[in-house]
Amino acid sequence: MHKLLISDSASLAGIRAISLVCGVALIPLVALFGTIVGGRRVGLLSAGLVVLSAPLIDYRQEAWAYALLVLLIMASAVGLLLTLRAIATGDKPPVRQAFVFATCALLAFYTHFIALFWIGPAVFLLALTAARTPDASVQRTVRLTILAMILFAIPGAARLFASVTTNIAFNWLPQARTDQFFATLAEQILPLGKWPTKPTEPGRVSSIVALVAAVVFAGWACWRAGNAMRLWRATFPASAQVLAIFLLLPFLLWIVGALSKPVFMPRTMLWSVPGYLTAIAVLLDRLDRRWLMVMSGLAGGFSLAANGTMRVDRQDMRPFQREIARGLRSGDAMMVCRTWRAPELRHSVSVPLPLPLLTPMGEDMVIIERSFGSDPRWQDDFGWIVTRPAPEPVLRMIPTSGRLWLLASQCNERDRRRINRWLGPGRWVRLLDDQPDALLPVILWRFDPAQPARLRPALDFPQR
């Protein structure tokens with residue numbers, strides 16, 4: 001989905017603008033979602049908490065598609081709530097509401113596979129609700145909706161299956177420990193700032209105290225507002241059921257990672273954040289304490305002012321390109337490790353460089369672009385590397401002098417060993433570290449071979 005909205009020549013500012021638009025559009029959408037769930041005051045309060053949410057602000061500035069994903073899932077959730085409400089009130093078959101739910105859910109799936117963790121429980125809830133109603137027309141509408149979703153999801157499911165069955169798919173992500181899981185949950189939901197996971201990090205004790213206080217307060221609030229919460233659930237049970245999906249998502253991602261391949265990290269649970277904030281708004285509204293609502297807003301604002309958003313400023317890739325251009329020789333090659341930094345590098349190009357851009361993939365090196373900054377089809381090749389759709393590449397020998405410019409970010413020891421085996425003997429020279437204090441710094445290295453090499457093997461694409 002994100003790729004359909006971005007041209008190959010788009011600037012970083014242009015592709016990040018899509019996330020900004022989606023992030024801003026999320027605010028009124030959450031207000032609508034909260035209003036359906038618990039009334040106007042819940043809608044306003046949940047929208048206000050979204051405005052002050054550091055993770056959501058952070059991803060409004062990203063070139064990644066997570067802001068779009070959150071927007072589509074929340075739109076799907078609104079469609080689901082309206083569908084369930086129409087079924088509960090016995091109105092005519094909820095065709096338009098079901099269409100909104102299905103369309104937004106499918107678009108979310110084609111934005112990121114993690115949307116399946118929303119779509120699965122949501123479809124199950126819709127089917128269970130329809131099965132309990134005696135209206136045959138409602139049951140028929142729901143069955144057709146689910147069938148249409150399955151049919152339209154087949155191409156994406158086939159691509160996802162091809163990706164997860166490879167040996168390298170998702171292997172870069174480690175499974176979060178218990179403390180890391182709860183630290184991530186606290187960072188994403190509560191106004192506590194960055195959670196220190198190491199015993200020696202400053203602020204660990206105060207963060208633990210703040211988290212314990214938040215848990216104690218939540219327990220007290222649930223007990224204090226028990227009758228009001230029970231009345232809310234009885235009035236429209238679907239609201240509580242939909243919110244439960246959002247609340248359980250991080251735990252589901254974590255458990256799936258323990259049983260299969262890890263999928264839990266801050267950005268994969270990001271779409272649950274508006275649901276958590278709406279649940280907090282419901283709880284505060286049922287307590288009916290205006291000062292608590294004011295204090296929650298002040299806490300979010302103070303945390304945002306004190307800590308900023310969760311992550312560091314985005315790095316400017318142009319200094320790296322200028323450094324390479326100054327020292328470029330005929331026959332040089334450029335490599336980016338890890339692969340996910342390639343689009344950021346490519347979209348920031350100002351002057352094309354006459355050298356191939358490669359990246360490690362398993363035991364091989366694969367060509368993303370034969371001449372950096374000049375190939376209009378580079379996104380298709382990058383998409384193959386990430387998702388592994390057809391066509392398969394072929395192994396070719398590429399001309400090279402043996403010198404290599406490496407942009408390294410999270411390039412682990414295994415990747416470095418593979419790169420060194422591919423290059424042969426020589427020495428590495430560290431040239432540029434633009435932001436050494438960045439969370440994910442990029443370091444420019446140059447490899448000088450002990451002996452010139454004329455040809456090296458790399459995976460290439462037959463359609464070129």
Side-chain angles (χ1 to χ4, degrees), residues 29-30 32-39 42 46 69-70 72-110 113-154 156-157 160 222 229-256 259-260 263 269 271-272 274-276 278-279 282-283:
L29 186 62
V30 170
L32 174 60
F33 177 78
T35 301
I36 298 172
V37 166
V42 171
S46 57
L69 175 68
V70 174
L72 290 171
I73 288 180
M74 290 308 300
S76 173
V78 169
L80 177 62
L81 278 175
L82 292 176
T83 303
L84 297 177
R85 173 169 288 182
I87 294 174
T89 55
D91 293 340
K92 58 184 180 180
V95 177
R96 289 177 296 178
Q97 299 93 323
F99 176 79
V100 171
F101 162 67
T103 302
C104 293
L106 284 169
L107 292 177
F109 171 58
Y110 280 100
F113 79 92
I114 209 70
L116 287 174
F117 289 87
W118 154 255
I119 296 172
V123 168
F124 176 77
L125 176 60
L126 178 60
L128 186 63
T129 304
R132 292 174 175 173
T133 181
D135 192 332
S137 60
V138 169
Q139 294 180 359
R140 182 170 57 253
T141 299
V142 171
R143 283 196 297 268
L144 290 175
T145 299
I146 296 174
L147 178 61
M149 291 179 69
I150 293 172
L151 292 176
F152 281 104
I154 288 175
L160 179 61
C222 290
M229 292 294 290
R230 283 189 288 273
L231 179 61
W232 166 70
R233 290 197 303 269
T235 302
F236 186 33
S239 294
Q241 294 164 350
V242 171
L243 279 184
I245 297 175
F246 285 100
L247 298 181
L248 293 175
L249 164 78
F251 299 90
L252 178 61
L253 292 175
W254 187 46
I255 292 171
V256 167
L259 299 176
S260 180
V263 290
M269 67 154 288
W271 63 261
S272 70
Y276 269 86
T278 303
V282 169
L283 185 58

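Atoms considered below: every heavy atom in the structure, side chains included; atoms not considered: hydrogens, waters and symmetry mates.
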*Verdict with supporting geometry, Leu69 and Ile114, side chain to side chain contact (heavy atoms under 4.5 Å, CB included)*: CA-CA 9 Å; Leu69 175 68; Ile114 209 70; 3.6 Å; yes

_Worked verdict on Phe33 versus Ser46 for side chain to side chain contact (heavy atoms under 4.5 Å, CB included)_ = CA-CA 9 Å; Phe33 177 78; Ser46 57; over 6 Å; no

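- Taking all atoms of both residues into account, the shortest heavy-atom contact from Leu247 to Tyr276 is O-OH, 2.5 Å.
- Between atom CD1 of residue Ile36 and atom CG of residue Leu32 there is a gap of 4.0 Å, rounded to the nearest 0.5 Å.
- Annotation: the span from Leu81 atom CG to Leu125 atom CG amounts to 9.0 Å, rounded to 0.5 Å.
- Thr141 and Thr145 get closest at one heavy-atom pair: O-OG1, 2.8 Å.
- For the pair Val263 and Phe113, the minimum side-chain heavy-atom distance is below 4.5 Å.
- Nearest heavy atom pair, residue Leu243 against residue Ala279, reads CD1-CA, 4.1 Å.
- Phe99 CZ: 12 or fewer foreign heavy atoms inside a 6.0 Å radius.
- Using a 4.5 Å cut-off on side-chain heavy atoms (C-beta onward), Val242 and Leu84 make contact.
- Of the possible donor and acceptor atoms, one in the side chain of Thr89 sits under 3.5 Å from a partner among the backbone N and O of Arg85.
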*Passes side chain to side chain contact (heavy atoms under 4.5 Å, CB included), Val123 versus Phe101? Steps please.*
CA-CA 10 Å; Val123 168; Phe101 162 67; 4.1 Å; yes

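- At least one donor-acceptor pair under 3.5 Å links the side chain of Trp232 to the backbone N or O of Val37.
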*What do the steps show when you test Met229 against Val282 for side chain to side chain contact (heavy atoms under 4.5 Å, CB included), and what is the final call?*
CA-CA 8 Å; Met229 292 294 290; Val282 169; 4.1 Å; yes

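- From Met269, atom CE reaches atom CH2 of Trp271 across 10.0 Å, with rounding to the nearest 0.5 Å.
- Rounding to the nearest 0.5 Å gives a distance of 10.0 Å between CG of Leu147 and CZ of Phe152.
- Heavy atoms only, all atoms of each residue included: Ala105 and Met149 are closest at CB-CE, 3.9 Å.
- Here the CH2-CG distance, from Trp118 to Leu249, works out to 10.5 Å after rounding to the nearest 0.5 Å.
- Taking both residues in full, the closest heavy atoms of Ala153 and Phe109 are given as O-CE2, 3.7 Å, listed atom of the first, atom of the second, then distance.
- Of the possible polar contacts, none joining the Ser76 side chain to the Leu72 backbone as a donor-acceptor pair under 3.5 Å is found.
- Nearest heavy atom pair, residue Ile87 against residue Pro94, reads CG1-CG, 4.0 Å.
- Once rounded to the nearest 0.5 Å, the distance linking CD of Gln97 with CG of Leu126 reads 11.0 Å.
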